[in-house]
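Contents: one structure, followed by commentary.
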Amino acid sequence: MIKDALDAVVKVLTAEKDYLSDLDAKVGDGDHGINMARGADAAIEAFEDLDDTEDLKKVLTAIGEAVVMNVGGTAGPLYGTAILEAAKVIDENSSPDILTLEKVFGAAVAGVQKRGHAQKGDKTMLDVLIPIHECFKPENTIGKSVEEVMIEARDAGRDGVEYTKTIPARRGRASYLGERSIGFEDPGAVSSLMICRTLFGYWKEILNK
Ligand code: ADP
Ligand code: MG
């Protein structure tokens, strides 16, 4: 199951490599797709080197380290940190429920913020990751089925991408464009949505097991 989820994320990022780089060409240096595809390759290699591929904490730790070490650009170390921080909150007692997702996304978001010092509204991947995390908070899930929460999280991510079109970049290379970055999606927000949407599909399968 972990391998299926990883393969699915790698497939999406590889397929969308040119699309992500094209988005980055409009606001940055046009390498976001290349960076994400390199991260995907590094993740697969790290996974294949593992003896125990069923232990989610070990898998995420290995992938996070590989992404931090092998992926250039700003996004690589940020995604790597997010994965490493997510790994820290998982243990053998973690159950595949929304509460665990809340912890995992909370840790990932905190890791990105600690490393990159960005906030919501700066036109970064956080404009997708923070709203998705919000959907998993206990106060926002009362009376909702897991499926409903997942759909809300996906929609919040989509809205986050749309929101990045309306604001100027305040972090990363796109911030050099200032107001001229308005009208364009943030490439890291788009890749975050791609990754999260893909993972949600697998989380549902795990839950339905
Ligand atoms: P680089 O900007 O070094 O070329 P990438 O193109 O791979 O790296 O990644 C760009 C993406 O990184 C942006 O679209 C944005 O989402 C994300 N990003 C940049 N700076 C930050 C930051 N400080 N915090 C969070 N995300 C950031
Ligand atoms: Mg770039």
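We count ligands from 1, going down the list as the structure has it; atoms in each ligand are counted the same way.
Heavy atoms from other residues, nucleotides or ligands lying under 6.0 Å from CG of D51 number 12 at most. K144 NZ: more than 12 foreign heavy atoms inside a 6.0 Å radius.
Listed by chain and residue number, nothing satisfies the salt bridge (charged side-chain N to carboxylate O under 4.0 Å, His left out) test with K57 (two or more places apart in sequence, or in another chain).
For D7 and K3, the salt-bridge test passes: some basic side-chain N is under 4.0 Å from an acidic carboxylate O. Between K123 and D186 there is no salt bridge, since no side-chain nitrogen of the basic residue lies less than 4.0 Å from a carboxylate oxygen of the acidic one.
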List ligand 1's nitrogen or oxygen atoms that come under 3.5 Å of a protein nitrogen or oxygen, with the partner atom and distance.
unit_1	atom_1	unit_2	atom_2	d
ligand 1	2 (O)	T74	OG1	3.3
ligand 1	3 (O)	T74	N	2.8
ligand 1	3 (O)	T74	OG1	2.7
ligand 1	4 (O)	D29	OD1	2.9
ligand 1	4 (O)	D29	OD2	3.1
ligand 1	4 (O)	D31	OD1	3.0
ligand 1	4 (O)	R173	NE	3.1
ligand 1	6 (O)	D24	OD2	3.0
ligand 1	6 (O)	D31	OD1	3.0
ligand 1	7 (O)	H32	ND1	2.9
ligand 1	7 (O)	N35	ND2	2.7
ligand 1	8 (O)	T74	N	3.1
ligand 1	9 (O)	H32	ND1	3.2
ligand 1	14 (O)	D186	OD1	2.6
ligand 1	14 (O)	D186	OD2	3.2
ligand 1	14 (O)	G188	N	2.9
ligand 1	16 (O)	M125	N	3.0
ligand 1	16 (O)	D186	OD1	3.4
ligand 1	16 (O)	D186	OD2	2.5
ligand 1	23 (N)	G116	O	2.9

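Between L23 and F184, every side-chain heavy-atom pair lies at or beyond the 4.5 Å cut-off.
Note: F105 and F200 have tilted aromatic rings, judged against thresholds of 30 and 60 degrees for the angle between ring planes.
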With a cut-off of 3.5 Å and sequence neighbours excluded, list every side-chain donor-acceptor pair involving residues 36-45.
none

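Of all protein atoms, those of element N, O or S that lie under 2.8 Å from the Mg ion (ligand 2) number 3.
Between the side chains of R115 and T81, at least one donor N or O sits under 3.5 Å from an acceptor N or O.
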